[in-house]
Structures are given as structure tokens and as C-alpha cells.
A.B. asks: 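My questions will all concern the structure given below.
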Amino acid sequence: MSQALDEIKIGGLGASRKRVEDNRFLRGKGNYVDDIVLPGMLHMEILRSPLAHARIRSVDASKAWDIPGVRLVLTGEMMATRNLAWMPTLSYDTQAVLATDKVRFQGQEVACVIADDPYIAKDACEAIVVDYEPLPVIVNPTQAMAEGAPLIRDDKENQHDNVVYDWEVGDKAGTDAAFARADRVSSLELHYPRSHPSPLECCGSIADFDRSTSKLTVYMTTQAPHIIRAAVSMVAELPEHMIRIVSPDLGGGFGNKVPVYPGYVASILASILLERPVKWIEDKSGNLISTGFGRDVYLQGELALRNDGKILAVRMHTDADHGAFFSDAQPSKFKIGLMHSAFACYDIPYAHLTARGMYTNKAPGGVAYRCSLRVTEAMYFQERMVQAAADDLGIDQAEFRRLNFVRDDDFPHRTPFGFLTDSGQYGKCLDVGLQAVGYENFLKQKEEAKKRGRLLGIGISTMTEPLGAGNSREYDILGIKMFDSAELRVHMSGKAILRTGAKTQGQGHETTWAQIVSHELGIPAEDIVVEEGDTDTAPFGMGTYASRSTPVAGAAVAMVSRKIRAKARKLAAHLLEVSEEDVEWELGRFYVRSARDRGVTIQECAMAAYSNMPDGMEPGLENNAYYDPPNLTWPFACYIVTVEVDPQTGVWDVLNVVAVDDCGVRINPMIVEGQIMGGLTEAYAMASMQFITFDAEGNCVGSNYMDYLLPTAWETPGFELHEVVTPCPHHPIGAKGVGECATVGGPAAFVNAVMDALKGTGVRNIDMPLLADRVYEALTLRHDVSGAPPVKTDDA
Amino acid sequence: MYPSRFRYEAPQSLDHAINLLHEGAGEAKVLAGGQSLIPLLKLRFAAPELLVDINNISGLDYHRFEADGTMRVGALCRHAALERSSILASRAPTMAAAAPLIADPIVRNRGTLVGSLCHADPQGDWASVVTALGGHVVALGPDGRRAIPITEFVSGPFQNVLAIDEIAVEAVIPAPKGNAAGGYLKLERRVGDFATVGVAVAIDTSGNQVTRAGIALTGVGGTTIEAAGAGQALVGRPLTADTIERAANLAAEAAKPRTDHRGSAEYKRHIVHTFVTRILNRVTETADKAA
Ligand SMILES: Cc1cc2nc3c(=O)[nH]c(=O)nc-3n(C[C@H](O)[C@H](O)[C@H](O)COP(=O)(O)OP(=O)(O)OC[C@H]3O[C@@H](n4cnc5c(N)ncnc54)[C@H](O)[C@@H]3O)c2cc1C
């Protein structure tokens with residue numbers, strides 16, 4: 001009778017279970033915001049500013065009102081009468097909902113039309129006449145800091161320049177002293193260009209205010225429904241219990257769907273005014289030019305080195321371009337996210353970071369684009385600086401890393417910026433990677449090729465990154481602590497529904513969360529439904545971004561399952577007529593310690609919870625758990641890329657990509673591998689083509705997919721994946737975050753590979769993206785190619 | 001997509017289509033593959049009153065060689081059909097090289113060569129190919145047919161010389177004078193991107209002499225550029241390192257690139273040079289192998 005359950009067969013921990021959500025996605029049966037149609041629904045379109053910086057003299061919407069089928073035209077002036085022209089951002093700044101005084105970036109929301117159908121709404125937007133007085137435009141931090149630069153945020157009292165913040169962290173005195181002692185200083189200036197998360201599905205909402213119940217329901221594209229509920233309650237001054245946010249299927253998020261956007265707010269106001277559902281669906285250009293971007297940070301970095309290869313100290317200064325409003329979605333305490341997680345995998349005694357943020361006439365919202373809050377920039381800067389330092393010292397780049405890694409027996413390790421890393425096998429990951437790529441052999445090949453005029457290169461990127469904010473002591477958003485939650489209801493037949501405060505957007509929570517429950521309770525994964533995204537039913541949580549779901553919500557899933565198991569144990573004791581102490585657990589089953597054959601399954605316990613509970617026991621089998629992680633999780637990754645550069649064109653081809661990821665215990669290895677491949681694709685994209693830039697007038701070059709380049713299956717290289725497993729010491733099932741590792745650590749490997757191919761030419765750096773013309777320029781003119789790819793013209 | 005309002009007609013004959021265009025009095029547009037027109041409608045850069053969809057007209061999807069070696073491509077012959085064509089692969093090397101480089105496979109399933117010529121995008125690949133091959137477009141209107149050399153057909157960026165009630169019914173490539181050789185190379189930032197630089201080279205050879213040569217450039221000027229001098233430099237001579245270098249230099253000189261976010265003018269000119277050289281070197285290598 002007592003055949004132990006096979007955990008892999010029931011879809012538990014470690015099972016490469018096919019994603020259950022794919023059943024509907026692959027059949028075109030997903031339910032996205034735009035699929036939802038409500039009776040009497042109206043459609044909203046946004047009129048956006050064609051100019052990057054201009055005073056608004058007047059907005060004349062009379063012609064729009066005249067078009068049959070137009071129900072409402074919202075302008076900044078109308079919003080202002082309701083105190084809604086401005087809204088708070090997630091970084092304690094304010095952002096215009098609809099412009100009143102000035103427009104501050106191209107694509108800024110100026111007016112909204114609500115009409116019977118989207119065609120009419122669009123026609124009416126074109127009929128609105130806005131009189132603009134153009135103002136001088138600022139498109140980068142240097143211009144923002146220049147003497148006499150126009151003041152972008154003249155709406156803010158006490159704002160006399162374009163500086164958002166000046167911030168620092170680390171030990172300045174110790175760092176300075178270490179630099180004074182150094183044999184050598186290796187310095188590098190880098191730019192991480194502005195990019196856009198560009199989820200397949202753009203942002204959108206359907207606001208449905210019901211006067212008879214006073215309830216506002218908003219279906220919307222959000223990665224963090226509960227935060228949105230709090231924000232809407234604040235902004236729209238509605239009581240929280242009368243707001244229901246529903247985030248249905250999301251077509252990707254990548255951080256883009258964390259902020260509150262003007263379109264959401266306008267659709268809500270329109271629904272309240274019109275008492276009808278109002279749908280707003282952003283188009284691709286609207287999404288690319290106005291919503292949360294990623295990166296756009298300049299670095300001045302220095303490493304203090306000893307001749308034997310030891311790094312003594314690191315000094316970094318970053319200038320970040322935040323656009324017109326400071327609306328980064330990030331923990332309140334840190335102004336430049338977790339930039340100071342840089343160099344966490346290296347044993348460096350001293351570090352100091354200064355960071356400055358600037359307003360410019362570009363779209364706001366430095367979101368964590370598949371990134372744990374500026375960690376992508378941190379690791380890119382780190383790994384480019386490490387490669388340059390190894391070259392400066394004439395030490396092999398792999399050896400240099402090994403020399404400086406935190407050792408396996410050195411955990412927990414306090415980084416010079418104050419983080420606590422707790423686990424890892426850095427050297428082993430590097431070895432696995434070097435072996436897989438055939439390092440020594442490639443170096444020989446490279447030398448051979450060089451003799452024949454061919455340029456081969458190899459790039460390495462190794463890093464550990466902090467994933468899974470919180471802990472609540474240090475991480476909050478607008479004062480709300482960054483914990484997360486899960487609620488589990490086991491029905492009488494032993495089937496269950498699980499809800500969490502996270503929100504899947506492609507990561508496969510519906511699959512993996514069930515696997516965690518399955519691991520803890522022995523209920524087959526297919527017997528568990530996972531539901532997220534409805535604030536009326538899901539427990540309060542901070543949502544999904546920054547690779548926090550598995551570290552935080554996933555931990556809550558394990559913890560709530562354990563609570564259920566604790567109650568089931570009491571039920572088992574009752575059913576088995578023994579005392580609780582005599583009951584033992586194995587996957588899916590309690591048994592009597594002294595008689596293994598005498599047992600009850602978890603399903604039998606569930607039935608008893610509704611039909612045969614002991615006297616005095618509360619009926620039912622459900623519970624919830626709020627999880628506040630003791631620390632971040634620290635996955636480690638080693639990415640190695642080999643390339644060949646065509647010296648005549650600057651075109652480079654990827655020969656090989658090897659990825660070694662240590663993300664602790666893997667819940668669903670197939671999903672983890674999917675995440676890594678997706679991340680590597682984005683890393684390749686970032687390194688080779690993907691960026692948004694602006695011309696001198698602030699026109700966004702990259703407002704559509706012909707100009708904003710996303711890689712396709714044709715040019716994306718293949719990836720060879722390897723794993724090392726160092727369980728997370730504090731996570732209930734030993735898992736670490738992984739969703740972003742490859743996006744974060746990958747770009748430097750590609751860039752380092754191209755730079756390695758150019759070694760010996762005197763070129764120290766080419767900033768991303770490494771478009772062929774930039775590589776060719778560096779190669780032929782033997783100079784660095786730096787900064788955002790300028791929109792050059794013949795006239796300039 | 002939410003374009004401006006328009007009327008839509010899908011006639012089943014060329015006569016009917018021409019009548020509709022005539023009625024449209026300049027406010028009508030032909031819809032072929034839609035791969036350029038639909039994006040323009042979507043962005044509301046174009047707002048025609050009438051769309052005349054020619055996709056229901058039968059007998060326009062051909063591409064074939066005449067007995068004398070002339071090649072004809074009908075108005076509804078898709079890029080994909082040319083990409084998969086075995087006769088193209090064996091007899092029209094320049095076209096065969098270009099077909100798989102147009103856009104991406106999805107666009108190639110719908111877009112047409114003739115539509116691409118009509119669209120007259122300076123970054124369109126087919127115009128260079130047809131120019132290098134010395135082809136022409138056949139237009140049909142109320143007054144009948146006329147043949148328009150490709151170099152006259154394109155009158156400026158996004159402009160052609162068709163009358164408002166004319167339809168381009170086919171593109172015609174003249175029979176080669178000898179062995180057809182050549183190629184097309186394109187520098188793009190990723191698959192599906194328009195050319196930063198595209199180079200079409202079409203040469204006919206007899207013995208080791210070049211009997212006819214055409215070189216045309218994509219993306220390096222306000223319109224497709226015919227590097228006539230570069231082609232002329234090869235005619236009556238064998239392909240040697242010297243003649244190739246001369247042609248490459250002349251082609252680079254003929255280019256009128258602008259510096260933009262795809263690269264500097266200098267870089268693009270250099271790529272023209274590199275590509276002409278590479279295509280002609282490959283032609284000589286293939287000839288050497290065959291010999
Ligand atoms: C994502 C994407 C990438 C692309 N990349 C490339 C590329 O790399 N290289 C490239 O060359 N092209 C590229 N294109 C354009 C593509 O090749 C188009 O198919 C082609 O330019 C137009 O052909 P069509 O049949 O689709 O024409 P349509 O879009 O239907 O029409 C284009 C124009 O020509 C007119 N027209 C069409 N047919 C006729 C006719 N028979 N008579 C008179 N007028 C006519 C139309 O009225 C319209 O003005 C790309 C397009 C897309 C969407």
C-alpha cells in the first residue's frame with residue numbers, strides 16, 4: 001500500500017513540467033485587457049506632444065467636441081480643476097497626467113478623447129489644436145548640467161537646476177587611501193544606453209465605475225496590482241475597499257508595467273465622469289515613446305590595483321538621465337537603485353559610489369527593465385571595468401577574476417558597499433564555463449586566426465546580483481514594505497486553489513507555484529489552480545518585478561503549504577487515532593511512526609477537514625502566509641561569448657555562447673532555462689542593436705519597431721546552458737531569483753568579446769550598441785566610440 | 001490600427017481597377033501586398049479616399065522567362081515566390097541573391113516586387129536590382145500599355161511617374177547578353193531591417209569579357225542610385241583585380257550617402273566599395289571554379 005510518491009511524476013520540485021498557461025496562450029485563448037469587452041464600453045485615445053519641450057499657449061478642443069460620437073475631451077486644464085493634472089511618482093516626485101503649463105518630452109500626454117469607437121477617438125485627437133511655444137531642448141546629462149541650461153521642472157518650488165539628486169554610498173576616506181596605495185589605476189568611462197522593455201502587449205486599462213455601488217473596477221496591465229490600488233486610492237481619492245484592480249493575462253512586462261501611467265488615470269476619471277466603462281489601449285509608438293524605459297546611465301569608473309592582480313578599491317560615479325519626471329520604480333532608500341551591488345562577487349575592501357540624477361526632455365520612468373533595479377548597469381560596468389583592468393595589468397581575464405573572487409569558504413561576505421552575500425561557488429562556475437567553451441584552445445585559435453588577418457575574441461562576464469527585494473528593514477516602495485504573500489485553500493477532495501500577491505506576466509507562476517505546493521504537500525501539481533492579479537481575491541503583495549517572485553512570493557507559497565501541512569497533521573492524528581507526536585510525514589502522506597503501513601493521504605486529511613474534524617478544531621483547510629525574506633538572494637552567473645569581427649565592415653558574428661547559472665535549487669528546470677535563454681537574447685540585443693536615442697530636437701528615434709531594433713530568431717545566436725547548484729541558505733526551498741540574471745550579466749560578455757577581438761588596437765571601449773559602423777570606426781580610426789549613438793547629420 | 005476612413009474596392013479585372021482609379025481622381029491608391037501601404041495608413045501618413053485592392057485580379061502572380069531569355073514578373077508575384085523560385089536560382093543570380101534579403105519571411109509572403117518598385121523607397125532593395133539589370137516597368141492605363149525604364153520610373157523618394165489611373169502590371173528584365181552573373185549584398189542591423197547599404201551588381205559575360213554591367217545602390221541617396229560609370233568601367237574588359245578595384249571606386253564615388261544613426265557617409269561609401277569588390281570577387285571565383 002505505502003508506495004512513496006515520485007515527486008517528479010506528480011510535478012513537484014525539479015520537474016520540467018510543461019507550462020499550464022501555454023494551453024491557452026498557444027491556442028489564442030489568453031485573456032488580455034484588450035480582449036475584455038464590457039457593455040456600453042467607450043474608447044479613449046491620447047493626444048501626445050510632438051515637441052520635446054514647449055510652453056502650451058492654448059489647447060482648443062472645440063472641433064473635437066463637434067465630431068459625432070465624441071463623449072468627452074479631457075485636457076490638462078480640466079484635470080487641474082479636479083486636482084488631477086499631476087500625480088505622485090514611485091520615487092517621491094510628481095508627474096504630469098495631462099500637460100498644463102509645458103510639455104517636457106516628445107510623446108507626453110496632452111489631451112484625451114473618449115468616443116464610441118477608437119477610430120472616432122483618433123479622428124478627434126487630430127482635431128484638437130494645441131498652440132506650442134518651443135523651448136530649448138535637453139537630451140543628455142551634460143546639457144542638463146551646462147551653465148544657463150533651461151530649467152525643465154519650473155513647476156517645482158525650490159528646483160533651480162536640472163539635478164534630481166546627488167547621492168553617495170560607501171567609504172570615501174578608505175577608498176581614497178586605497179587608491180593612494182595602488183600600483184596602478186585602471187579607469188574607464190562607459191554609457192549604458194537607454195533601452196525600452198517593449199513588452200509585446202502595450203499598456204492599457206478599462207476603468208469601470210459603477211455609480212450604484214460606488215465601486216471602481218479597473219482591468220489593467222499591471223505587474224503590481226496592489227500597489228496600483230493604493231496609488232489609485234491616493235490619486236483619485238477613492239476608498240481602498242471600493243477599488244478593485246484586475247490584472248488579467250499580461251503579454252510581458254519586463255518592468256514596463258510597474259508604474260502608474262497617465263492613460264490609466266485618465267481612463268478612470270473618464271469612467272467616473274461618464275459612468276460608463278472606458279477602454280484605453282496604447283499603440284506601439286505610444287508605448288515606446290512615453291512609458292518606462294531602462295538604463296541611460298553614464299559611468300566614470302576606477303579600480304585601484306596591485307601589480308599582482310589584487311583589486312584594492314573601486315570608485316564609481318554615475319550620471320543618470322531620468323527624463324522629465326523622476327518616476328523610477330525602486331525601493332525608496334536608494335536613488336540609483338541597487339547600483340552599489342556592483343563588484344559583490346569580488347573581494348574588495350573599499351568602495352565608494354557617487355550618483356547624480358538629471359532631468360532631461362525625454363520620457364520618464366527608469367524602470368527595472370528585466371533587472372533588479374539598476375543592477376543591470378552595475379554588473380555591466382563592473383564586468384567591463386574588470387576586463388579593462390585585466391588587460392591593463394596584462395593578466396589573463398579569467399585568472400584575474402579568479403584572483404579576486406570571494407572564496408567559497410568566505411560566506412557570509414560583507415561587500416564593500418554593505419550588502420551581505422551568503423552563498424556561491426564562483427570559481428567552480430567559471431571553471432565549468434571555461435571548460436565548456438574550450439578556453440585554452442580558443443586562445444590558440446585566436447592567435448592562429450590573427451596571423452591570417454581574422455579577428456576572433458572571447459569575452460567573459462561573471463557576477464552575483466541581489467534578487468528578491470525585500471527584506472522589509474531596507475526595502476519599501478512609498479513606505480510599503482517589500483514582503484509578499486500566498487493564500488492556499490485545499491478543497492475537500494484535496495484539490496486546491498493558490499493565490500499570491502505576485503503577478504505572472506510570462507514567468508509561468510501558474511506552473512511553478514503549483515510545483516512548490518506539490519513539493520510541500522504531495523498534492524499533484526495538476527490538482528492546484530494558481531490565480532493572481534485580482535486585488536479583491538489575492539492577498540496583498542508587491543507584485544512581480546526585479547526577480548522577486550520566487551525569492552519572496554515563492555517562499556510564501558512554501559510557508560503557507562507548511563501551515564496547511566501542520567493542520568493536516570492534526571487531522572491525520574485524529575484519523576489514525578494516535579497522538580500528533582507519533583505521526584510522520586512523507587511526500588503526500590502521514591503515517592504512524594511505529595507502523596509505516598498505517599497512514600492517511602493528504603487528500604484524506606483534506607476530506608476530514610470538512611467532514612470529520614476532531615472536536616474543537618476549526619473546520620476547513622486554508623491559510624495564508626506573509627513572507628518577509630531575511631536577505632536578498634544572490635544567484636551567480638558566468639557567461640562566455642566568442643565572436644569573429646569582420647575588419648572590413650565592422651560586422652561581428654557570435655560563434656559561441658556558454659552560460660553557467662547558479663540560481664540555487666531549480667523548481668522547474670525547463671522554465672529556468674527558458675528564462676536564461678530569453679535573458680541572453682535581450683543581452684545580445686542590448687550589446688548589438690537595441691537602443692532608443694534622440695536627436696538634438698528631442699525627437700525619439702526608436703518610436704517603432706523599424707527603428708527600435710529587437711532581435712529575431714534569425715540573428716539570435718544559439719546558447720549552451722550549464723548549471724551549478726548552491727542552495728540559498730535562507731529560502732525555504734533553497735531557490736534564488738533567476739529571471740533577470742542573463743539580461744544583467746549577459747551584455748558585458750558580448751561587448752567584452754568584441755573588445756577582446758580588438759585588443760592591441762589601442763581601443764579601450766565602444767559603448768553599446770556595438771553596431772557595425774561603430775566597431776568599424778573604432779577599428780580603423782583606432783579610437784574609442786563613446787556615448788549614446790548620436791543621431792548624426794551632415795549638417796551637424 | 002486605426003487609419004482614417006477610406007472606401008475599399010476589390011475589383012476582379014484590370015479594366016475595372018483602372019476605372020476605379022480614374023474615378024478616384026488622384027485620391028485612390030492601389031493595394032498590392034500592403035507591406036508599405038498598410039503601415040502608412042496605420043501611421044496616418046497616407047489617407048487615401050479609396051483603396052483599390054488588386055489581389056482579386058487573377059493572372060498577375062507569375063514570374064517567367066520568355067523563350068528569348070526576357071524575364072517578366074507580374075504585379076502580384078510575391079517576394080517569397082521569387083525567393084523559392086528554382087528558375088531564378090539558376091538563371092538570375094542577382095535577383096536570387098536579393099530575394100531572401102528583402103524584409104523578413106512574414107513580409108515576403110505578402111509583399112510584391114512590383115509594389116516595391118512603385119513604392120520607390122530609396123531603401124527598397126528591388127529597385128536597385130532591377131536597375132542593375134536594366135529592367136523596365138509596364139504600366140497599363142485607360143490609353144493602353146507603355147513601358148517605362150526603371151531609371152525613369154522612379155522620379156524621387158517615394159515617387160513614381162505613373163499617371164493617377166495607371167497600374168504597374170509587370171516588371172521586365174531583358175535577356176542577358178551572354179552568361180548572367182552578379183549578386184546582391186546588403187548591410188542591415190538585423191533581419192527585416194532596411195538596408196544601411198545595399199549593392200546590386202549584374203554582369204553578363206561572354207568568354208572572359210564583360211558584355212554588359214549594371215551596378216546600383218540602395219540606401220545611399222535620395223533615390224536608388226545607378227552607378228552607371230562603375231558598370232561601364234567593366235564592359236569590354238575581363239574581371240581582374242584592377243578592373244574590380246576601378247568599378248568599386250567609381251561605385252563608391254557615385255554613392256551620395258548621408259550621415260545618420262546608421263553610420264557616417266564615409267562608412268557607407270566604404271561599404272559600397274567593399275560590397276562591389278566582394279560580389280565581383282565571388283563572380284570570378286565561381287567562374288574560376290567552373291573553368
Ligand atoms: C517590416 C517590414 C520590413 C521591410 N523591409 C524591407 C526591406 O528590407 N527591403 C525592401 O526592399 N522592402 C522592405 N519592406 C517593404 C516591402 O518590400 C514591401 O512589400 C514593398 O515595398 C511594397 O510592396 P507591396 O506589394 O507590399 O505594396 P503595397 O504596400 O501594397 O503598396 C506600396 C505602394 O505602391 C503602390 N502600388 C503597389 N502595387 C502597385 C501597382 N501594381 N501599380 C501601381 N501602384 C502600386 C501602392 O499604391 C502604394 O503606394 C519592408 C516592409 C515591412 C513591413
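Since this is a predicted model, take the numbers as computed values, not measurements. Reminder, nothing fancy here: chain letters follow the sequence lines and each chain counts from 1.
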A.B. asks: Look at the side chain of B:R190 and the backbone N and O of A:L710, then say whether any donor-acceptor pair between them is shorter than 3.5 Å.
C.D. replies: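 Side chain of B:R190 to backbone of A:L710, a donor-acceptor pair under 3.5 Å: yes, one is there.
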A.B. asks: Measuring from atom CZ of B:F275 to atom OG1 of A:T649, what distance do you get when rounded to the nearest 0.5 angstrom?
C.D. replies: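 Between atom CZ of B:F275 and atom OG1 of A:T649 there are 6.5 Å.
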A.B. asks: Below 4.5 Å, heavy atoms only, C-beta onward: do B:F194 and A:M706 meet side chain to side chain?
C.D. replies: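 Contact flag for B:F194/A:M706 side chains = yes.
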A.B. asks: Please determine whether the number of non-hydrogen atoms from other residues, nucleotides or ligands lying under 6.0 Å from atom OH of B:Y8 exceeds 12.
C.D. replies: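 Correct, the count exceeds 12.
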A.B. asks: Any carboxylate oxygen within less than 4.0 angstrom of a Lys/Arg side-chain nitrogen, looking at B:R262 and A:D707?
C.D. replies: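 No, no charged N to carboxylate O under 4.0 Å.
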A.B. asks: Between OG1 of A:T780 and NE2 of B:H270, what distance do you get to the nearest 0.5 Å?
C.D. replies: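 With rounding to 0.5 Å, OG1 (A:T780) is 7.5 Å from NE2 (B:H270).
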A.B. asks: What parts of residues 279-289 of chain A touch chain B if we use heavy atoms and a cut-off under 4.5 Å?
C.D. replies: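 Listed by number, there are no contacting residues, so the answer is none.
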A.B. asks: Output the distance between atom CD1 (B:I271) and atom CD (A:Q648), rounded to the nearest 0.5 Å.
C.D. replies: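 Interatomic distance, B:I271 CD1 to A:Q648 CD, rounded to 0.5 Å: 8.5 Å.
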A.B. asks: Can you confirm whether B:L43 is buried at CG, in the sense that more than 12 heavy atoms of other residues, nucleotides or ligands lie under 6.0 Å from that atom?
C.D. replies: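 Atom CG in B:L43 is crowded, with more than 12 foreign heavy atoms closer than 6.0 Å.
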A.B. asks: Would you mind checking which part of A:M689 comes under 4.5 Å of any heavy atom in chain B, side chain (CB onward), backbone (N, CA, C, O), both or neither?
C.D. replies: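 It is the side chain, since no backbone atom gets that close.
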A.B. asks: Given a strict heavy-atom distance threshold of 4.5 Å, which part of B:R278 is in contact with chain A: side chain, backbone, both, or neither?
C.D. replies: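 Only the side chain of B:R278 comes within 4.5 Å of chain A.
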A.B. asks: Pick whichever of B:G192, B:P3, B:S4 has the most heavy-atom pairs under 4.5 Å with chain A.
C.D. replies: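 Highest number of heavy-atom pairs under 4.5 Å: B:P3.
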A.B. asks: Within this structure, what is the CD-CZ distance for the pair A:E126 and B:R44, rounded to the nearest 0.5 Å?
C.D. replies: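 The CD atom of A:E126 sits 4.5 Å away from the CZ atom of B:R44.
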A.B. asks: Kindly compute the distance separating OH (A:Y776) from CG (B:L187), expressed to the nearest 0.5 Å.
C.D. replies: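 Between atom OH of A:Y776 and atom CG of B:L187 there are 12.0 Å.
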A.B. asks: So, taking the atom named CZ in B:R189 and the one named CG in A:D773, what distance separates them when rounded to the nearest 0.5 Å?
C.D. replies: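 One gets 9.5 Å once the value is rounded to the nearest 0.5 Å.
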